[in-house]
Amino acid sequence: MSENGTPAGTETGKSNFIKEIIREDLRTGKHDTVATRFPPEPNGYLHIGHAKSICLNFGIANEFKGTCNLRFDDTNPSKEETEYVDSIQGDVRWLGFDWEERLYYASDYYEKLYHFAVVLIKKGKAYVCDLTADQMREYRGTLKQPGKESPWRNRSVEENIDLFQRMRNGEFKDGEKTLRAKIDMSSGYIVMRDPVLYRIQRSHHHRTGDAWCIYPMYDFAHPLSDSIENITHSICTLEFENNRPLYDWVVNETDTPHKPRQIEFARLNLSYTVMSKRKLLELVTKNYVSGWDDPRMPTIAGLRRRGYTPEAIRDFADRIGVAKADNMVDIAMLEHCLREDLNKRAQRVMAVIDPVKVIIDNYPEGKVEYVEAVNNPEDESMGKREMPFTRELYIERTDFMEVPPKGYFRLAPGAEVRFKHAYYIKCESFVKDADGNVTEIHCTYDPSTHGGWSQDGRKVKGTIHWVSAAQAVSCGIRLYDHLFTKENPDDLAEGEDYKANLNPNSLKTASAFVEPFIKNAKPGDRFQFDRTGYFCMDQDSTDSLPVFNRTVSLKDSWSKIAGK
RNA sequence: UGAGGUAUCGCCAAGCGGUAAGGCAACGGACUCUGACUCCGUCAUCCAAGGUUCGAAUCCUUGUACCUCAGCCA
């Protein structure tokens with residue numbers, strides 16, 4: 001069984017073209033086991049787009065009784081950090097996947113990769129080149145014009161072996177020489193125009209320290225790492241499609257016995273957010289958000305803090321499917337998956353975010369009685385709790401209107417509504433301040449409707465939430481909205497930067513009165529605040545001030561009607 | 001006439017020559033101690049034009065649009 005309770009070997013979810021390829025490979029006997037890998041570079045935090053890839057790779061391994069490795073593609077020490085490798089492991093685990101003992105690093109293979117490079121040199125398929133970066137760019141040609149061969153292209157094998165060894169020994173300056181594959185400077189695939197295999201770069205590596213001053217490039221390290229790990233299907237995103245001929249070249253020319261197949265799929269784009277690591281890093285470093293785990297971020301850490309569940313994210317990954325067409329998935333799809341999951345599981349609690357006081361004039365002063373409230377109507381096993389009911393309560397300001405429009409069935413002068421789980425309450429009068437704001441609503445209750453039922457068959461159209469003023473717990477509330485105002489933040493006017501589309505109202509803070517039950521909450525706990533939305537207790541909470549992040553609001557069809 | 005990809009409902013996405021699944025959104029309606037949930041119903045002829053075929057989203061031809069590639073990043 002996998003972590004999420006799916007028996008291994010059962011195909012789950014939708015099919016897609018990658019699974020079809022795998023089924024075919026299994027059927028024809030090309031492979032009898034499936035081995036995939038999730039290969040992040042530890043240069044940032046994982047985001048929802050990575051989650052799609054993780055679910056795909058680990059999902060396939062699970063369904064086909066294969067394995068999925070976690071491998072850090074750490075070949076560029078100048079950008080990589082231990083903080084990222086730690087967060088990535090935590091995020092993959094949180095999503096519910098397990099790489100067991102198969103945790104690998106490309107940097108573990110440096111020695112092997114070096115020897116593969118020597119094999120290429122000996123075959124006359126790689127050479128040490130003295131061109132500078134600028135020169136190399138010139139020699140590369142353009143999209144439409146072929147490049148020209150480097151003057152260093154025909155050095156002898158002996159000289160190349162010697163030079164490459166001396167590169168490793170640190171005898172040259174950074175950037176002074178490179179090791180290049182000798183392929184075809186006129187190829188339509190630019191990546192085949194004698195790509196760099198190794199560069200000299202004296203930066204401290206998070207794992208190998210200063211043991212190396214030459215580092216392999218992605219196009220060299222990746223296919224060979226796949227091969228070393230006996231990966232059968234190397235799944236990556238579309239932008240690597242152009243690199244596939246080089247992937248195959250490396251695997252073939254190094255004579256490695258295992259030749260994995262690279263398959264590309266379209267990466268996820270989500271409306272109202274950005275997915276590029278560069279942009280996410282900028283939002284963090286320039287403090288547009290509070291950190292990688294800011295609840296507005298599409299990072300796994302951000303979604304987790306926001307209150308998302310791994311189940312919802314996995315369900316989302318399954319529903320959006322896997323294909324090769326560029327896409328922009330509506331964030332409403334993600335929110336739908338979340339609501340569906342939370343609806344079944346979240347503890348209900350009453351919280352009033354924009355309060356107005358209600359006084360039950362015919363209720364005894366000083367009396368406190370407890371009414372029984374259902375914890376989750378979707379799950380009877382979650383039981384019931386008790387809520388204090390008293391003479392002075394708070395309700396939501398939007399649940400009262402002095403002059404209600406047609407179709408409004410909440411509280412209004414003369415109107416009777418149900419205070420959920422408590423009593424039928426009728427509005428008798430109200431008080432306004434000098435500015436015209438309602439400050440108090442005076443009501444009467446019907447003692448015969450205890451629990452919120454009437455024996456006389458009298459029906460009431462509206463049911464609203466409330467909280468007893470004396471026992472209410474004050475909480476901090478964070479209301480989140482989309483990080484960007486545009487569906488596609490990269491849809492820019494002349495000279496604009498994507499940051500021009502940042503939503504200035506993506507975070508609003510408020511305070512709320514919450515029923516005393518909330519005192520039991522711990523950071524990370526998720527609730528549905530009745531009729532309002534799903535909330536998750538934030539790590540910033542203190543004993544004196546619990547703080548809740550709004551994960552997602554409840555659907556609200558009244559606001560649609562009222563808006564018309 | 002640089003190369004490699006992709007085009008099916010507003011958004012994802014099935015379909016693999018036999019007469020357009022499903023989900024999200026939207027819009028009607030029912031139900032309701034959350035105007036939530038749930039439930040019912042409505043919502044496409046497949047980028048274009050030719051062709052092959054009894055029959056084409058699926059095959060062929062010619063176009064068109066969009067994406068990716070000129071880091072010693074991944």
Side-chain angles (χ1 to χ4, degrees), chain A residues 14-16 20 39-41 43 73 75-76 78-79 129 131-133 136-138 140-147 174-180 186-193 195-201 214-215 217-219 221-222 236-245 264 266 268 271 277-278 316 318-337 339-340 343-344 348 350 373-374 377-378 407-410 417-422 451-453 460-465 487 528-533 553-562:
Chain A
K14 309 203 289 195
S15 187
N16 58 55
E20 277 190 33
E41 182 190 13
N43 67 344
D73 223 335
T75 56
N76 183 6
S78 66
K79 291 184 177 175
C129 184
L131 254 30
T132 65
M136 201 177 291
R137 191 176 312 118
E138 284 171 34
R140 188 150 37 225
T142 68
L143 292 176
K144 296 193 174 182
Q145 282 169 280
D174 284 15
E176 193 177 335
K177 293 185 190 311
T178 56
L179 181 75
R180 294 227 259 165
S186 65
S187 174
Y189 287 97
I190 299 221
V191 78
M192 296 296 267
R193 321 241 263 225
V196 171
L197 267 22
Y198 271 88
R199 77 284 212 182
I200 303 172
Q201 185 185 113
I214 58 172
Y215 291 96
M217 301 291 291
Y218 167 86
D219 283 310
H222 200 92
C236 65
T237 45
L238 240 37
E239 64 272 22
F240 292 102
E241 214 156 19
N242 294 312
N243 300 51
R244 191 171 62 225
E264 312 85 11
L268 168 69
S271 59
K277 275 199 194 174
R278 196 207 100 226
F316 172 72
D318 191 52
R319 290 200 204 207
I320 58 176
V322 177
K324 293 192 73 165
D326 289 330
N327 60 78
M328 166 79 76
V329 176
D330 192 338
I331 196 164
M333 179 84 98
L334 214 211
E335 294 173 343
H336 168 82
C337 295
R339 289 192 186 103
E340 190 171 270
N343 177 50
K344 290 179 303 195
R348 313 283 125 128
M350 291 204 215
V374 174
E378 304 287 328
Y408 185 83
F409 44 81
R410 275 113 95 152
V417 300
R418 173 188 297 112
F419 274 33
K420 193 173 168 77
H421 302 312
W453 295 101
V460 104
K461 189 72 173 159
T463 298
I464 66 176
H465 62 280
E487 198 170 298
Q528 181 193 113
F529 287 178
D530 274 290
R531 302 205 307 131
T532 304
S553 63
L554 250 33
K555 288 216 270 182
D556 180 6
S557 56
W558 167 246
S559 70
K560 267 183 207 167
I561 299 165

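Letters go in sequence order (proteins before strands), and every chain restarts at 1.
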Find out whether [X] and [Y] are in side-chain contact, i.e. whether some heavy atom of one side chain is under 4.5 Å from a heavy atom of the other.
{"X": "A:Val329", "Y": "A:Leu334", "result": "no"}
{"X": "A:Asn43", "Y": "A:Asn76", "result": "no"}
{"X": "A:Arg180", "Y": "A:Met136", "result": "yes"}

Both A:Trp558 and A:Ala266 contact RNA chain B. Which one's nearest nucleotide lies toward the 5' end?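 Its nearest nucleotide being more 5', the pick is A:Ala266.
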Taking for each residue the nucleotide of RNA chain B bearing the nearest heavy atom, is the 5' side occupied by A:Arg531 or by A:Ser187?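 Closest to the 5' end, via its nearest nucleotide, is A:Ser187.
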For [X] and [N], is the shortest distance between a side-chain N/O and OP1 or OP2 below 4.0 Å?
{"X": "A:Arg348", "N": "B:rU34", "value": "no"}
{"X": "A:His336", "N": "B:rC24", "value": "yes"}
{"X": "A:Lys555", "N": "B:rC37", "value": "yes"}
{"X": "A:Lys14", "N": "B:rC12", "value": "no"}

Do A:Arg339 side-chain atoms and A:Ser553 backbone N/O form a donor-acceptor pair below 3.5 Å?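 It does hold such a pair.
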Is there a donor-acceptor pair closer than 3.5 Å between any side-chain N or O of A:Thr532 and the backbone N or O of A:Asp530? yes
Can you check the [X] [atom1] to [N] [atom2] distance for me, whole Å?
{"X": "A:Phe316", "N": "B:rG22", "atom1": "CZ", "atom2": "P", "value": "21 Å"}
{"X": "A:Glu335", "N": "B:rA36", "atom1": "CD", "atom2": "P", "value": "16 Å"}
{"X": "A:Ile331", "N": "B:rC12", "atom1": "CD1", "atom2": "P", "value": "14 Å"}
{"X": "A:Asp330", "N": "B:rC24", "atom1": "CG", "atom2": "C1'", "value": "7 Å"}
{"X": "A:Met333", "N": "B:rC9", "atom1": "CE", "atom2": "C1'", "value": "13 Å"}
{"X": "A:Asn16", "N": "B:rG15", "atom1": "CG", "atom2": "C1'", "value": "14 Å"}
{"X": "A:Glu241", "N": "B:rG4", "atom1": "CD", "atom2": "P", "value": "11 Å"}
{"X": "A:Asn327", "N": "B:rC12", "atom1": "CG", "atom2": "P", "value": "6 Å"}

Which one is paired to [N], where only Watson-Crick or G-U wobble pairs with both distances under 3.5 angstrom count?
{"N": "B:rU42", "answer": "B:rA26"}
{"N": "B:rU52", "answer": "none"}
{"N": "B:rA13", "answer": "none"}
{"N": "B:rC72", "answer": "none"}
{"N": "B:rG35", "answer": "none"}
{"N": "B:rC66", "answer": "B:rG5"}

Give me the distance, rounded to whole Å, that separates [N] from [M] when you measure between the [atom1] atoms they each carry.
{"N": "B:rG10", "M": "B:rC27", "atom1": "P", "answer": "16 Å"}
{"N": "B:rU6", "M": "B:rU1", "atom1": "P", "answer": "22 Å"}
{"N": "B:rG18", "M": "B:rC59", "atom1": "C1'", "answer": "14 Å"}
{"N": "B:rC43", "M": "B:rU53", "atom1": "P", "answer": "35 Å"}
{"N": "B:rG55", "M": "B:rA13", "atom1": "C1'", "answer": "26 Å"}
{"N": "B:rC11", "M": "B:rC47", "atom1": "P", "answer": "14 Å"}
{"N": "B:rA57", "M": "B:rA20", "atom1": "C1'", "answer": "8 Å"}
{"N": "B:rA3", "M": "B:rG22", "atom1": "C1'", "answer": "37 Å"}

Among B:rU34, B:rG15, B:rC12, the one nearest A:Glu20 by side-chain distance: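 When the side chain of A:Glu20 is considered, B:rG15 is the closest of B:rU34, B:rG15, B:rC12.
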Do the charged groups of A:Glu41 and A:Lys79 touch, with an N to O distance under 4.0 Å? no
Answer yes when A:Glu241 and A:Lys324 have at least one side-chain N-carboxylate O distance shorter than 4.0 Å, and no when they do not. yes
Once each nucleotide of nucleotides 68-74 of chain B is scored for protein heavy atoms under 4.0 Å, what B/S/- sequence comes out, 5' to 3'? BBBSBSB
Atom [atom1] in [X], atom [atom2] in [Y]: separation rounded to 0.5 Å?
{"X": "A:Thr463", "Y": "A:Lys461", "atom1": "OG1", "atom2": "NZ", "answer": "10.0 Å"}
{"X": "A:Ile214", "Y": "A:Gln201", "atom1": "CD1", "atom2": "CD", "answer": "11.5 Å"}
{"X": "A:Phe316", "Y": "A:Glu335", "atom1": "CZ", "atom2": "CD", "answer": "10.0 Å"}
{"X": "A:Phe409", "Y": "A:Ile464", "atom1": "CZ", "atom2": "CD1", "answer": "12.0 Å"}
{"X": "A:Asn16", "Y": "A:Asp318", "atom1": "CG", "atom2": "CG", "answer": "9.5 Å"}

Please work out if [X] contacts a base, only the sugar-phosphate, or nothing of the nucleic acid, heavy-atom cut-off 4.0 Å.
{"X": "A:Glu340", "result": "nothing"}
{"X": "A:Gly407", "result": "base"}
{"X": "A:Val322", "result": "sugar-phosphate"}
{"X": "A:Tyr408", "result": "base"}
{"X": "A:Pro377", "result": "base"}
{"X": "A:Arg319", "result": "sugar-phosphate"}
{"X": "A:Lys420", "result": "base"}
{"X": "A:Asp326", "result": "sugar-phosphate"}

Return the polar atom pairs (N/O with N/O) between nucleotides 40-43 of chain B and the protein under 3.5 Å, or none.
none

Anti/syn call for B:rG71, syn if |chi| within 90°: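 Syn conformation for B:rG71.
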Quick one: do A:Lys177 and A:Ile200 satisfy side-chain contact (heavy atoms from CB on, under 4.5 Å)? Show the steps, please. CA-CA 7 Å; A:Lys177 293 185 190 311; A:Ile200 303 172; 4.3 Å; yes
